Amino acid sequence: MAVCLPVRAAASAAVLLALALGAGAQAPEKLAALLPVVKEADGLASQADARIWSGFHFKEVPLVFFDGATRQALVAHFQPLPEGFSPADPALPGTGYGSLPAGTLAVQGSQPLGGRLAAWVDASAAAGALTVRTLYREAFRVRLQYMGVPPPPPLPAAGYPSEDPENAALLRAEAALAGRLAAAPRDQAAGLAATLAALRTRRQARLAPEVAAWENGREVNDGLAEYAASAATGDRTPVAIGADAGAVRAADPRHWASTGGAVALAADAAAPGWKVSFEKSARTDLSAELRRLADAAPADLAALNLDALVTEEKKAAEALAARRAELLTSIQQAKGIVVVLQLEGWLDPAKGISWTNRFDPKGVVPVDVDRKIHSYYKLVGAGVLEFTSSRPSLITVRRQITTGFSPEDLALYQLTVDGNPTSLSVESPSATGRVEVRAPQFELKVNYGRVEFDASSRHLVVTPLASPGAS
């Protein structure tokens with residue numbers, strides 16, 4: 001259920017916040033605009049809490065809405081407010097505005113603030129589209145921690161079998177079944193659950209046990225959080241997954257939110273008391289609840305047309321491989337110039353750097369466990385560098401970013417060191433200072449670094465360095 005905030009309401013919230021902060025203070029409109037969403041979510045709590053889980057009280061779960069770029073935050077359900085925060089809205093006790101404490105890592109998830117475990121929500125990523133569903137989903141993740149639900153085990157180093165067409169096809173079938181199960185009448189739930197259970201057993205038998213355990217853990221954590229969002233709003237449709245070939249890939253967490261949420265919603269209708277049995281279990285998967293729903297009903301895998309799905313997935317995998325090879329060539333062997341940003345040793349919160357990271361998830365092409373091609377990527381490390389590119393860039397996890405340019409791009413390419421236009425060659429292959437590289441759809445600024453040029457490969461390597469005199 002999307003929440004559309006009228007301009008007048010947003011302005012009023014901003015004015016209230018400015019008054020609360022005192023004369024001369026400027027209200028952060030991005031955060032102030034979230035106050036009506038919090039108010040709407042609070043208004044549902046008296047009915048929603050009982051539907052979600054015994055002992056869950058939405059208005060008792062601290063919420064932190066943060067802007068990573070400014071490190072400003074709006075908090076809700078804090079009484080008293082954390083140190084340094086001022087009241088945001090007199091109509092919403094427990095809401096406040098302030099700056100995050102130094103050294104606090106601003107990331108989405110569950111972590112403490114002011115001595116209380118809170119749900120952290122990235123207000124910048126929400127981009128004005130934050131909904132009541134989001135608030136209940138993230139708040140229930142905190143409840144899961146108090147319930148002792150373990151986080152998913154780590155994915156093995158070999159990664160997820162995203163290149164396996166049969167696994168991808170079966171994942172698609174599971175997603176389709178889950179959508180039907182969530183909305184099914186009670187008399188149809190058993191048959192759908194039986195088919196889903198049989199399909200899951202067949203697919204996970206092909207996986208390494210560690211990968212299957214990772215899937216199950218994701219389904220519990222993401223699925224029950226999605227279930228809480230559905231139960232709160234009355235929307236029995238868990239987050240949807242695309243049905244097209246290649247749409248369910250590389251363990252997209254939305255898949256586990258859909259399947260886990262669907263099992264929980266169906267259990268509400270057909271197997272009352274399932275929450276008690278879940279709490280008595282190891283809480284690492286929902287397989288017992290799925291089997292209880294199935295209740296010995298026959299599974300109907302034939303109706304899923306799995307052979308056709310596998311064929312579609314094979315074609316999708318081949319198309320992805322061809323696109324990936326073409327992109328890799330255009331990046332790593334570009335005939336104009338290749339810019340390589342070295343990051344080893346710098347992506348470390350221990351250095352006191354506040355990193356922000358933005359990318360378009362729809363424009364990601366997986367290469368292997370450690371590398372992905374992004375069509376849009378932005379990385380900012382305060383006091384170190386700024387990188388923004390809306391052209392294909394190869395991201396090697398925690399090591400480097402590589403971007404290729406054609407000969408035509410070089411007409412607009414510019415390298416400066418300490419503000420001076422610089423042209424590196426075989427005779428002068430390196431320089432040190434404040435580095436800026438500009439090219440079409442590309443900008444890189446390094447406060448202090450070294451640039452090196454290899455004429456044979458046309459690679460320009462930029463390495464951040466500690467500033468002279470820095471301890």
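Reckoned from all heavy atoms, side chains included, excluding hydrogens, waters and symmetry mates. Note that the structure is predicted; figures quoted are calculated from it, not measured.
Distance alone, capped at 3.5 Å, is enough to place a donor-acceptor pair between the Asn221 side chain and the Pro150 backbone. Asp67 places a side-chain N or O within donor-acceptor distance of the main-chain N or O of Ala69, the cut-off being under 3.5 Å. When atom types are taken as modelled, the side chain of Thr396 and the backbone of Arg371 share no donor-acceptor pair closer than 3.5 angstrom. For Glu138 (side chain) and Gln108 (main-chain N/O), no donor-acceptor pair under 3.5 Å exists by modelled atom type. Looking only at distances, no side-chain donor or acceptor of Arg292 sits under 3.5 Å from a matching main-chain atom of Ala267. Checking side-chain atoms of Ser54 against main-chain N and O of Ala50 turns up no donor-acceptor pair under 3.5 Å. Of the possible donor and acceptor atoms, one in the side chain of Arg324 sits under 3.5 Å from a partner among the backbone N and O of Pro366. Using a distance-only test at 3.5 Å, with no hydrogens or angles considered, a donor-acceptor pair links the side chain of His77 to the main chain of Val61. In terms of modelled atom types and a separation under 3.5 Å, the side chain of Asp49 and the main chain of Phe58 share a donor-acceptor contact. Although no hydrogens or angles enter the test, the distance criterion places a donor-acceptor pair under 3.5 Å between the side chain of Lys275 and the main chain of Ile52.
Taking CH2 from Trp274 and OG from Ser281, the interatomic distance works out to 10.0 Å, rounded to the nearest 0.5 Å. Note that the CD1 atom of Ile395 and the CD1 atom of Ile401 stand 4.0 Å from one another [nearest 0.5 Å]. Within the model, atoms CZ of Phe56 and CG of Leu144 stand 9.0 Å from one another, a figure rounded to the nearest 0.5 Å. Taking CG from Leu379 and CD from Glu386, the interatomic distance works out to 10.0 Å, rounded to the nearest 0.5 Å. Rounded to the nearest 0.5 angstrom, Lys378 NZ and Thr388 OG1 are separated by 5.0 Å. Taken from NE2 in His255 to OG1 in Thr259, the straight-line distance is 4.5 Å, to the nearest 0.5 Å.
When each of Trp346, Phe442, Trp355, Tyr376 is tested with Phe387 by the rule ring pair (Phe, Tyr, Trp, His ring centres under 6.0 Å), just one qualifies, namely Phe442. Shown are Ile373, Val340, Leu327, Val338; of these, the side chain to side chain contact (heavy atoms under 4.5 Å, CB included) with Leu394 is made only by Ile373.
Counting heavy-atom neighbours within 6.0 Å of Arg116 CZ, excluding the residue itself, gives a total above 12. No more than 12 heavy atoms of other residues, nucleotides or ligands sit less than 6.0 Å from atom CD of Glu326.
Salt bridge annotation for Glu215-Arg200: absent, with no cationic side-chain nitrogen under 4.0 angstrom from a carboxylate oxygen. Checked for salt-bridge contact, Asp164 and Arg206 meet the test: a charged N lies under 4.0 Å from a carboxylate O. A salt bridge links Glu226 to Arg133: one of the charged nitrogens lies within less than 4.0 Å of a carboxylate oxygen. The pair Arg202-Glu166 meets the salt-bridge criterion, since a charged nitrogen lies less than 4.0 angstrom from a carboxylate oxygen.
Counting all heavy atoms, side chain and backbone alike, His459 lies closest to Gln332 at CE1-O, 3.3 Å. Nearest heavy atom pair, residue Pro82 against residue Leu113, reads CG-CD2, 4.1 Å. Closest non-hydrogen pair, Val211 versus Pro161, comes out as CG1-CD, 4.2 Å. Closest heavy-atom contact between Ala123 and Leu31: CB-CD2, 3.7 Å. Across all their heavy atoms, Ala189 and Leu181 have their closest contact at O-CD1, 3.7 Å. Looking at every heavy atom in both residues, Arg391 comes nearest to Pro440 through NH1-O, 2.9 Å.
Within the 4.5 Å cutoff, no side-chain heavy atoms of Arg291 are placed close to those of Glu289. A heavy-atom distance below 4.5 Å is found between the side chains of Ser230 and Leu265. Within the 4.5 Å cutoff, no side-chain heavy atoms of Val437 are placed close to those of Glu443. Phe278 places a side-chain heavy atom less than 4.5 Å from the side chain of Val149. For the pair Leu309/Glu313, no side-chain contact is recorded, criterion being any heavy-atom separation below 4.5 Å from C-beta on. Between Tyr97 and Val75, the closest side-chain pair of non-hydrogen atoms is not below 4.5 Å. At a threshold of 4.5 Å between non-hydrogen side-chain atoms, the residues Leu341 and Val461 do not count as touching. A 4.5 Å side-chain heavy-atom check between Asn167 and Arg203 finds at least one atom pair inside the cut-off.
For the pair Arg358 and Tyr377, the cation-pi test (distance below 6.0 Å, angle within 45°) is failed.
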Could you go through Thr329 and Ile331, starting from their C-alpha distance and side-chain angles, then the distance that decides it, and tell me whether this counts as side-chain contact (heavy atoms from CB on, under 4.5 Å)? CA-CA 5 Å; Thr329 299; Ile331 294 171; over 6 Å; no
Test log, rule side-chain contact (heavy atoms from CB on, under 4.5 Å), inputs Leu304 and Leu199 | CA-CA 10 Å; Leu304 299 175; Leu199 190 62; 4.0 Å; yes
Any chance you could lay out the side chain to side chain donor-acceptor pair (under 3.5 Å) test for Asp409 and Gln441, step after step, and finish with the verdict? CA-CA 10 Å; Asp409 291 325; Gln441 300 170 274; over 6 Å; no
Q: Dump the intermediate steps for side-chain contact (heavy atoms from CB on, under 4.5 Å) on Leu35 and Leu92, then the final yes or no.
A: CA-CA 8 Å; Leu35 289 169; Leu92 287 173; 4.1 Å; yes
_side chain to side chain donor-acceptor pair (under 3.5 Å) between Ser99 and Gln72, intermediate numbers included_ = CA-CA 4 Å; Ser99 298; Gln72 296 175 330; 5.4 Å; no
Worksheet item: How far apart are the C-alpha atoms of Trp256 and Asn216, what are their side-chain angles, what is the distance that settles it, and do they pass the side chain to side chain donor-acceptor pair (under 3.5 Å) test?
Response: CA-CA 8 Å; Trp256 313 115; Asn216 295 338; over 6 Å; no
Point to revise | Full working for ring-ring contact (aromatic ring centres under 6.0 Å, His included) between Phe65 and Trp120 | key: CA-CA 6 Å; Phe65 306 95; Trp120 287 56; over 10 Å; no
Could you give me the CA-CA distance, side-chain angles and deciding distance for Asp222 and Arg141, then say whether salt bridge (Lys or Arg N to Asp or Glu O under 4.0 Å) is met?
CA-CA 8 Å; Asp222 295 326; Arg141 293 185 191 277; 3.1 Å; yes
Start with the C-alpha gap between Val446 and Val384, add the side-chain angles, then the distance that decides, and say whether side-chain contact (heavy atoms from CB on, under 4.5 Å) holds.
CA-CA 6 Å; Val446 177; Val384 178; 5.6 Å; no
Practice problem: Please report the C-alpha distance between Ser287 and Asp285 in whole Å, then the side-chain angles of each, then the deciding distance to 0.1 Å, and finally whether the side chain to side chain donor-acceptor pair (under 3.5 Å) criterion is met. | Solution: CA-CA 6 Å; Ser287 59; Asp285 62 65; 2.5 Å; yes
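Ring geometry for Trp53 versus Tyr227: interplanar angle over 60°, hence perpendicular rather than tilted (30 to 60°).
Not less than 6.0 angstrom separates the ring centroid of Tyr413 from the ring centroid of Phe405.
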